[in-house]
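Contents: one structure, followed by commentary.
The basis for the numbers below is simple: all heavy atoms, side chains too, and nothing from hydrogens, waters or symmetry mates.
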Amino acid sequence: MRVSLAGLALSCGFSLLMVGSALAQQACPNRGELDEAYCDANNDLVADVPAKTRDPSTLVFAYSPVEDPAVYENAFKPFTEYLGQCTGKRVVYYPVQSNSAEIEAMRSGRLHVAGFSTGPVGFAVNMAGAVPFAAKGTEKGVEGYHLIAVVKKDSPFQKLSDLKGKRVAHTSPSSNSGNLAPIALFPAEGLTPGKDYKVLWSGGHDKSVLGVNSGDYDVALVASDVYERMVARGTVKGDDFRIIYKSAKFPTSGFAYAHDLKPELAAKLVKCFYDFRFPPQMQKDFEGDDRFAPITYKEDWAVVREVAEKSGTPYNKAAYEKEAAREAAKEAAKAAKKKN
């Protein structure tokens with residue numbers, strides 16, 4: 001039987017690819033939920049330091065897009081200026097427009113250290129090699145937040161079961177308080193998302209609250225810290241609303257560095273975060289938090305991972321790609337509307 005050189009080359013190439021893949025699998029004794037680009041040999045649930053690391057001259061920093069990015073760029077300015085002095089590097093704030101954009105920026109190497117909102121932390125760890133190490137807090141430790149259900153003060157709703165068939169705003173599929181926690185926790189309260197009401201995506205915690213204020217939604221399911229910031233800044237008036245549900249406490253946004261940073265740089269970043277004390281304005285912006293407290297993804301995010309699993313939205317590649325596609329479509333629709 002005659003075999004063409006092209007066919008032979010293709011066959012050999014495929015065989016080498018399969019061998020390379022098998023060797024890569026053997027080289028990593030444990031990967032867990034991490035993407036195949038990463039390894040977790042020490043079983044701490046985050047990506048190990050790879051053989052090839054980076055020491056960028058400019059550090060790119062971002063914070064979760066839960067509200068207007070410009071608001072947080074100003075709020076974090078004292079810290080980013082300090083971080084530049086502490087590390088001896090130029091620090092640039094990168095305003096992200098969506099959770100998937102922030103995760104992709106770290107995955108692609110364009111983002112070095114960032115604060116991810118609670119829910120997307122899991123995707124950042126598994127899909128982008130993020131290594132969480134800090135959260136905002138006080139001398140008592142990490143401060144958390146609650147999932148709250150916010151309605152207009154003069155509305156007739158008194159409990160969650162009153163919202164069957166009503167206009168209920170969720171923020172985004174990957175959000176812990178804005179979607180995953182309600183799916184996991186509300187059925188016990190007599191309300192099942194997607195069954196007792198159609199989920200309406202607002203695109204953000206602030207947008208949900210503003211939607212209730214304008215009458216677009218009957219209730220906003222949001223993180224208590226975001227709502228409290230909006231009230232403190234005068235974006236909305238607290239007296240105009242009522243809270244009809246409040247969950248147990250969840251960890252707040254997690255700060256993480258890219259797994260492939262040079263270990264010495266990563267250690268320096270961690271120390272800079274822990275040594276920093278928020279000036280008065282930052283304390284005001286973050287409801288009294290005055291420092292970054294130590295955390296680990298394995299321990300501090302256990303309850304969040306549990307909620308994700310129970311809600312049927314595990315932090316895997318399929319769920320991430322679905323969320324990224326949804327956010328991309330939404331951004332495209334927004335751009336088209338703006339153009340027209």
With salt bridge (Lys or Arg N to Asp or Glu O under 4.0 Å) as the criterion, how do Arg167 and Asp218 come out once you've worked through the C-alpha distance, each side chain's angles and the decisive distance to 0.1 Å? CA-CA 5 Å; Arg167 298 168 299 169; Asp218 295 311; 2.9 Å; yes
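Ring geometry for Phe186 against Tyr245 counts as perpendicular: the plane angle is over 60°, on a 0 to 90° scale with 30° as the lower cut. Ring orientation note: the planes of Phe273 and Phe133 are nearly perpendicular, at an angle over 60° on the 30°/60° scale. Between Tyr227 and Phe241, the ring planes lie perpendicular to each other; the angle is over 60°, past the 30° to 60° tilted range.
Here the CZ atom belonging to Phe286 is positioned 15.0 Å from the OG1 atom belonging to Thr138, to the nearest 0.5 angstrom. A distance of 14.0 Å separates SG of Cys86 from CD of Glu81, quoted to the nearest 0.5 Å. Taking NZ of Lys271 as the start and CG of Leu269 as the end, the distance is 12.5 Å to the nearest 0.5 Å. Separation of atoms NZ (Lys207) and CG (Asp216) is listed at 13.0 Å; rounding is to 0.5 Å. Distance NE2/His205 to CG/Asp225: 8.0 Å, rounded to 0.5 Å. The line from CD of Glu73 to OG1 of Thr80 is 8.0 Å long, rounded to the nearest 0.5 Å.
Ile243 and Val236 fall within a single hydrophobic cluster, where Ile, Leu, Val, Met, Phe, Trp and Tyr side chains are chained together by heavy-atom contacts under 4.5 Å.
Using a 4.0 Å cut-off between a side-chain N of Lys or Arg and a carboxylate O of Asp or Glu, Arg54 and Asp260 qualify as a salt bridge.
A donor-acceptor pair is defined here as one N or O able to donate and one able to accept, closer than 3.5 Å; such a pair exists between the side chain of Ser224 and the backbone of His146.
Judged purely by distance below 3.5 Å, without hydrogens or angles, the side chains of Ser108 and Arg110 pair a donor atom with an acceptor atom. Counted by atom type alone, His170 and Tyr197 present one or more donor-acceptor pairs between their side chains at under 3.5 Å. Under 3.5 Å, the side chains of Ser64 and Tyr72 contain no donor-acceptor pair of N or O atoms.
The two atoms that bring Ser98 and Pro65 nearest to each other are C-CG, 3.5 Å, heavy atoms only. In this structure, Asp40 and Leu45 approach most closely via the heavy-atom pair OD2-N, 2.9 Å.
Checked against the 6.0 Å centroid threshold, Phe278 and Tyr82 do not count as a close aromatic pair.
Remark: Arg305 is positioned above the aromatic ring of Tyr297, its terminal NZ or CZ atom under 6.0 angstrom from the ring centre and at most 45 degrees off the axis.
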